[in-house]
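The next block holds one structure in the form of structure tokens; read it before the comments.
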Amino acid sequence: MRPNACLLTPLAVFFAISTLTARADTFSYTFSEGHLGHDAFTYTSPTQILTTTTFTPTTCTVQASQACSTVSFDIAGSASSLIIDVAAGGADSFNGLPASFFTNIGVNTAFSPNTITLTVTDIPSGVPEPSSLLLLGTGVLGLAGAACRKFLAA
């Protein structure tokens with residue numbers, strides 16, 4: 001009966017650790033147009049946006065008063081653009097932005113004709129990655145196995 005208990009305890013610990021949810025970094029996008037705070041939005045993405053994409057921002061205003069529905073990053077080299085769709089119809093477009101404006105982590109600034117800023121922030125994960133969990137799990141299994149051997153030898 002005791003050898004089975006020695007085998008089941010490390011397995012239970014391993015499965016308990018392996019079921020923890022691992023989460024990768026997230027990315028925060030904060031946009032503002034410098035002309036009297038006309039256009040602004042914030043968005044948090046589970047992945048860094050590196051290709052053309054459309055998303056629904058967390059907060060968004062157009063011309064400081066109108067709500068907006070979606071934001072599009074059209075990433076195409078030197079012809080990249082940002083399009084903010086107004087909820088009531090129409091859109092504000094910022095054209096001729098470099099692709100790096102959208103893809104660089106940090107504060108990205110362009111002039112068109114006012115100062116526009118997109119701040120991309122990498123928010124590190126508070127949970128270890130799966131490989132760290134696997135390493136921790138195998139270490140716990142090794143310690144449990146060593147303790148089990150000493151217990152059976154005694």
**OP:** Would you check if the side chain of Gln66 reaches a backbone N or O of Ala87 as a donor-acceptor pair within less than 3.5 Å?
**Re:** no
Original post:
Heavy atoms, side chains only, cut-off 4.5 Å: are Phe31 and Ile84 in contact?
Top reply: yes
**OP:** Could you pull out all residues at least two apart from Thr42 that satisfy side-chain hydrogen bond (donor to acceptor under 3.5 Å, both in side chains)?
**Re:** Thr59
**OP:** Quick one: which residue pairs count as a disulfide bond (SG atoms under 2.5 Å apart) with a foot in residues 60-102, not counting sequence neighbours?
**Re:** Cys60-Cys68
**OP:** Using the test side chain to side chain contact (heavy atoms under 4.5 Å, CB included), find all partners of Leu143 that sit at least two apart in sequence or belong to another chain.
**Re:** none
Subject >> side-chain hydrogen bond (donor to acceptor under 3.5 Å, both in side chains) against Thr54, all qualifying residues, sequence neighbours excluded >> reply: Ser72
Original post:
Got a second to check how far Thr51's OG1 is from Asp74's CG, nearest 0.5 Å?
Top reply: 10.5 Å
**OP:** Not counting sequence neighbours, which residues clear ring pair (Phe, Tyr, Trp, His ring centres under 6.0 Å) with Tyr43? List them please.
**Re:** Phe55
Original post:
So do the side chains of Phe73 and Leu82 get within less than 4.5 Å of each other, counting heavy atoms only?
Top reply: yes
Original post:
Roughly how far, to the nearest 0.5 Å, is the CG atom of Leu118 from the CG atom of Leu97?
Top reply: 9.5 Å
Original post:
Who passes side-chain hydrogen bond (donor to acceptor under 3.5 Å, both in side chains) against Thr56, sequence neighbours left out?
Top reply: none
Original post:
Same cluster or not: are Ile49 and Phe41 linked, directly or through other Ile, Leu, Val, Met, Phe, Trp or Tyr residues, by side-chain heavy atoms under 4.5 angstrom apart?
Top reply: yes
Original post:
To the nearest 0.5 Å, how far apart are OG in Ser93 and CG in Asp39?
Top reply: 10.0 Å
Subject >> Distance in Å, Gln63 CD paired with Asp92 CG, rounded so as to fall on 0.5 Å steps >> reply: 5.0 Å
Original post:
Roughly how far, to the nearest 0.5 Å, is OH of Tyr29 from CG of Asn108?
Top reply: 9.5 Å
Original post:
Are Thr117 and Thr109 side-chain neighbours, meaning at least one heavy-atom pair lies under 4.5 Å?
Top reply: yes
Original post:
About how many Å separate CZ of Phe102 and OG1 of Thr52, when rounded to the nearest 0.5 Å?
Top reply: 9.0 Å
Original post:
Listed by chain and number, what are the side-chain hydrogen bond (donor to acceptor under 3.5 Å, both in side chains) partners of Ser45, not counting sequence neighbours?
Top reply: none
**OP:** Please collect all side chain to side chain donor-acceptor pair (under 3.5 Å) contacts where either partner lies in residues 79-90, sequence neighbours excluded, each pair once.
**Re:** Thr70-Asp85
**OP:** Might you point out which heavy atoms bring Phe27 and Ile105 nearest each other, and give the distance in Å?
**Re:** CE2-CD1, 3.9 Å
